[in-house]
Amino acid sequence: MPSFPLQHPAPPVDQIGVEERASKFTKRSIKNDAKKTGLKLAVSMMDLTTLEGADSKGKVSHLCRKALRPMADRYDCPPCAAVCVYPNLVEHAVKELEGSGIPVASVATGFPSGQYPRKLRLADVSYAVESGAKEIDMVISRGCFLEGGLHEVFDEIAATKEVCGEAHLKVIFETGELKTYDNVRLVSQLAIEAGADFIKTSTGKVSPAATLPVTLVMVEAVRDHFLATGKKIGVKPAGGIRTAKQALQFLVMVKETVGDEWLSPELFRFGASSLLGDVELQLAKLIDGNYQSAKYFSKG
Amino acid sequence: MSELKFGGLFEYSPAPESTPVKLKKQYDLFINGEFVAPSGEKYFGSVNPATGKRLARIAKAEAADVDAAVTAARKAYEKTWSKMAPPERGKYLFRIARIIQEKARELAILESMDGGKPIKESRDVDLPLVAAHFFYYAGWADKLNYAFPGKNPKPVGVAGQVIPWNFPLLMAAWKIAPALASGNTVVLKPAESTSVTAMHLAEIFQEAGLPEGVVNIVTGAGDVGEYLVGHGGIDKVAFTGSTAVGKKIAKSVAGTGVKLTLELGGKAANIVFDDAPIEQAVEGVINGIYFNQGHVCCAGSRLLLQESIHDEFVARLERRIKTLRVGDPLDKNTDVGAINSKEQLDRITNLVNSGIEEGATLYETDCPLPGDGFWFRPSFFTKVASSHRIAREEIFGPVLSILTFRTPDEAVIRANDTCYGLSAGIWTDKGSKIFQIADRLQAGVIWANTFNKFDPTSPFGGYLESGFGREGGMHGLMPYVQL
């Protein structure tokens with residue numbers, strides 16, 4: 001198992017500078033073919049998510065079918081990357097998606113707060129994995145991180161990774177609670193060295209969630225780790241990305257920061273529940289030539 | 001060795017700015033509130049540097065035209081403008097600022113067509129700042145007594161203003177707005193290669209109902225500017241441009257009692273310490289040298305890197321310039337546009353060749369360049385010595401010279417090792433270091449953890465051969481008042 005301290009220190013991040021850089025990605029004009037390519041890419045990177053207390057088997061079934069076939073055939077729209085649910089519903093989702101190749105992702109480790117003893121949090125993970133989850137979205141102990149317990153956070157990620165086995169581990173930071181970009185850069189490096197396959201911004205339960213500058217800091221951490229070690233780590237912004245325009249801005253940022261290899265669901269995902277609707281609308285507009293009433297699109 | 005791949009996946013489609021503009025075939029002189037043909041009836045071509053083709057014909061002013069412009073300005077000064085109640089002057093400036101905002105997109109497109117700068121910059125930087133300068137000085141018009149308490153400031157008279165081609169409208173705004181706010185009248189001479197937007201600004205003056213003769217614009221080559229600044233009928237000269245021309249102007253007005261401000265060249269040091277926020281420093285260096293194709297007098301053209309981070313920083317820079325998009329200035333996704341003129345391209349090429357001959361190592365992007373027009377790849381030199389021409393002379397193009405230092409003391413010595421003193425940048429996460437270094441740098445503008453930021457409230461100007469006098473802010477009023 002890897003151990004603390006970090007092999008690669010995290011450089012300081014200047015808030016004004018990183019926000020200015022992020023805003024430049026929003027100035028790119030993405031039109032025509034580029035827009036079509038980008039929107040389809042976004043769908044293929046989407047972890048279609050439902051994380052409500054009211055989630056039922058029926059709701060999850062619906063979501064799974066949507067992920068398999070987001071739009072009518074004539075739009076040539078790819079399926080989503082994964083379906084993300086609570087551990088309780090993993091088994092059901094696995095059944096729904098059987099044979100499709102679309103993995104089921106499960107939040108775990110006491111999502112969303114993480115305020116449970118490690119034993120229970122790890123049991124949460126093994127339950128989800130045993131139920132068939134191929135991807136685990138864990139939350140870190142933010143309280144522990146903020147009080148300086150870097151060592152503990154490192155160990156809990158490493159321990160979760162071990163319990164995951166073959167399943168991919170996504171580590172959720174809840175950047176809206178960590179507040180500073182310095183913290184985001186540090187926790188990114190920490191999670192990467194502790195064994196994360198993906199680093200993820202947020203649970204979707206705290207605002208602000210996946211902002212462009214926060215995700216940029218994480219993408220830069222991933223890039224620098226790749227340049228130093230050759231190892232590729234994925235990034236998943238989640239929460240607050242609701243429009244096709246926003247999704248394209250994230251893709252522009254990925255393209256210009258870390259290059260083509262990350263423009264793939266293997267290394268970049270969107271965690272979203274309502275984004276797909278707007279992407280469908282925009283994609284249909286590009287293909288049909290005019291905007292259609294939202295009534296023509298399914299509501300998720 | 002792991003390397004990133006910046007390829008064609010998710011390639012951006014062309015996104016040309018498509019707003020229609022009213023570009024004229026021919027532009028006359030603007031004298032006494034009217035557009036008039038030049039007395040010699042001669043015109044010269046203004047070239048679109050992105051195509052190399054002629055964009056419009058520009059009037060070539062003769063001495064008689066400059067005389068007429070100065071006479072009109074004198075009359076307007078004595079009869080109307082200096083006599084006008086200051087709040088009324090302010091109203092005109094506010095009106096001009098608002099019309100500029102309304103026409104901002106069209107002006108931005110014309111600026112990009114005539115000068116070659118990317119539409120992204122003319123739209124998001126130049127035009128908002130042009131309007132902001134008029135708004136800012138409009139506010140001072142009736143508050144001059146508060147700017148100079150107990151001094152009872154009076155206007156100077158007629159100002160002869162000569163501006164460069166790198167920020168045509170913005171430089172016109174920097175010069176005209178404070179002059180008018182404090183009660184002076186103006187004869188402006190835009191640069192030969194970028195006169196189009198100045199003439200559209202003249203239309204805005206007409207639309208705003210600015211009294212005739214308050215601003216006059218004469219176009220032509222250097223000889224027109226030379227005649228203007230040596231004209232006996234003016235009281236004040238303001239010049240932005242090259243140090244060589246600035247020195248000539250200083251000689252010509254010496255002993256005449258004419259007030260003078262000069263904003264000349266620069267060779268700014270951008271100092272990056274090993275404790276800097278490195279990723280943001282890379283962006284700052286990029287913005288410092290490739291903004292407006294490096295046609296910026298305060299460009300961060302000398303990068304001083306602490307030795308311990310040299311290799312890593314250079315690798316980051318090399319990777320970063322690969323993602324700069326060079327090409328059509330009117331495409332909204334263009335980061336670096338066309339070099340302003342053939343002459344400037346030759347000057348850049350000449351200096352870059354000298355850098356190679358003197359032993360520095362050149363890195364350039366491998367991006368494709370358009371066939372026609374004037375282009376230069378974003379580039380930088382490593383292994384530069386302070387004695388190299390590329391470390392001492394202003395290249396005024398998208399070319400960066402990288403030097404190294406070991407200690408803060410050495411950084412200061414190297415940064416000040418220049419005949420210029422316009423701007424500088426400091427990159428460190430340590431606040432105390434910023435203040436220690438800034439105190440010791442000889443430069444008019446110093447940016448910390450950022451670069452090339454402009455605001456009308458902030459004075460701008462240089463030391464040494466970068467000129468004297470300040471533009472912008474309250475300081476920018478001083479050259480235009482008698483105390």
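From a predicted model like this one, the values you see are computed outputs, not experimental measurements. The chains referred to below are lettered A, B, ... by the order of the sequence lines, with proteins before strands, and numbering in each begins at 1.
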Task: 4.5 Å side-chain heavy-atom contact, Y12(B) and I30(A) - done: yes
TODO: Identify which part of A276(B) has an atom lying under 4.5 Å from any heavy atom of chain A, answering side chain, backbone, both or neither.
DONE: backbone
TODO: Using a cut-off of under 4.5 Å on heavy-atom pairs, state which of D331(B), N333(B), T323(B) scores highest against chain A.
DONE: N333(B)
- [ ] Measure distances from V252(A) to the heavy atoms of chain B and classify the residue's part below 4.5 Å as side chain, backbone, both or neither.
- [x] both
TODO: Can you establish whether the number of heavy atoms outside E364(B) located under 6.0 Å from its atom CD is more than 12?
DONE: yes
Open item on the list: Using a 4.5 angstrom heavy-atom cutoff, name the option from K36(A), K31(A), R28(A), K27(A) with the most pairs to chain B.
Closed with: R28(A)
- [ ] Go through the atoms of D275(B) and report whether side chain, backbone, both or neither lie under 4.5 Å from a heavy atom of chain A.
- [x] backbone
- [ ] First locate atom CG of L227(A), then atom CZ of R316(B), and finally report the distance between them rounded to the nearest 0.5 Å.
- [x] 8.0 Å
Task: Toward chain A, the part of K5(B) with a non-hydrogen atom under 4.5 Å - done: both
Task: Engaged part of I16(A) at the chain B interface, taking heavy atoms whose separation is under 4.5 Å - done: neither
- [ ] For residues S29(A) and K332(B), report the shortest heavy-atom separation together with the two atoms involved.
- [x] CB-CB, 3.9 Å
Open item on the list: If you count heavy-atom pairs within less than 4.5 Å of chain B, which of D182(A), V217(A), L263(A) leads?
Closed with: L263(A)
- [ ] Name the member of P12(A), G17(A), G259(A) that forms the most heavy-atom pairs with chain B at distances under 4.5 Å.
- [x] P12(A)
- [ ] Pick one of side chain, backbone, both or neither for R223(A), based on which atoms fall under 4.5 Å of a heavy atom in chain B.
- [x] side chain
Open item on the list: When you measure from the side chain of S2(B) to the backbone of F226(A), do you find a donor-acceptor pair of N or O atoms at a distance under 3.5 Å?
Closed with: yes
Open item on the list: Less than 4.5 Å to any heavy atom of chain B: does that hold for the side chain of R21(A), its backbone, both, or neither?
Closed with: side chain
- [ ] Under the side-chain contact (heavy atoms from CB on, under 4.5 Å) rule, what do E261(A) and L4(B) come out as? Steps first, then yes or no, please.
- [x] CA-CA 8 Å; E261(A) 282 184 278; L4(B) 304 173; over 6 Å; no
Open item on the list: Salt bridge check, E256(A) against R320(B): does any charged N sit closer than 4.0 Å to a carboxylate O?
Closed with: no
- [ ] Determine, for F10(B) and K35(A), whether the Lys NZ or Arg CZ falls below 6.0 Å from the six-membered ring centre while staying within 45 degrees of the axis.
- [x] no
- [ ] Check whether any side-chain heavy atom of D14(A) lies under 4.5 Å from a side-chain heavy atom of E279(B), and answer yes or no.
- [x] no
TODO: Calculate, to the nearest 0.5 Å, the distance between atoms CD and OG1 belonging to E20(A) and T450(B) respectively.
DONE: 5.5 Å
TODO: Check each atom of D429(B) against the heavy atoms of chain A and say whether the ones under 4.5 Å are side chain, backbone, both or neither.
DONE: side chain
Task: CG-OG1 distance between L9(B) and T37(A), expressed to the nearest 0.5 angstrom - done: 8.0 Å
- [ ] Check the surroundings of atom NZ in K322(B): do more than 12 heavy atoms from other residues, nucleotides or ligands lie under 6.0 Å from it?
- [x] yes
Open item on the list: Using only atom types and a distance under 3.5 Å, with no angle test, would you say the side chain of D260(A) pairs donor to acceptor with the backbone of F6(B)?
Closed with: no
- [ ] For each of T229(A), D224(A), N32(A), tally heavy-atom pairs with chain B at distances under 4.5 Å, and name the one with the top tally.
- [x] D224(A)
TODO: Name the region of K453(B), side chain, backbone, both or neither, that has any atom closer than 4.5 Å to a heavy atom of chain A.
DONE: side chain
- [ ] Salt-bridge test for D335(B) and K24(A): reply yes if a basic N is under 4.0 Å from a carboxylate O, no otherwise.
- [x] no
Open item on the list: I'd like to know whether NE2 of H225(A) has more than 12 heavy-atom contacts from other residues, nucleotides or ligands below 6.0 angstrom.
Closed with: yes
- [ ] Please tell me if the side chains of P11(A) and I278(B) come closer than 4.5 Å, counting only heavy atoms from C-beta onward.
- [x] yes
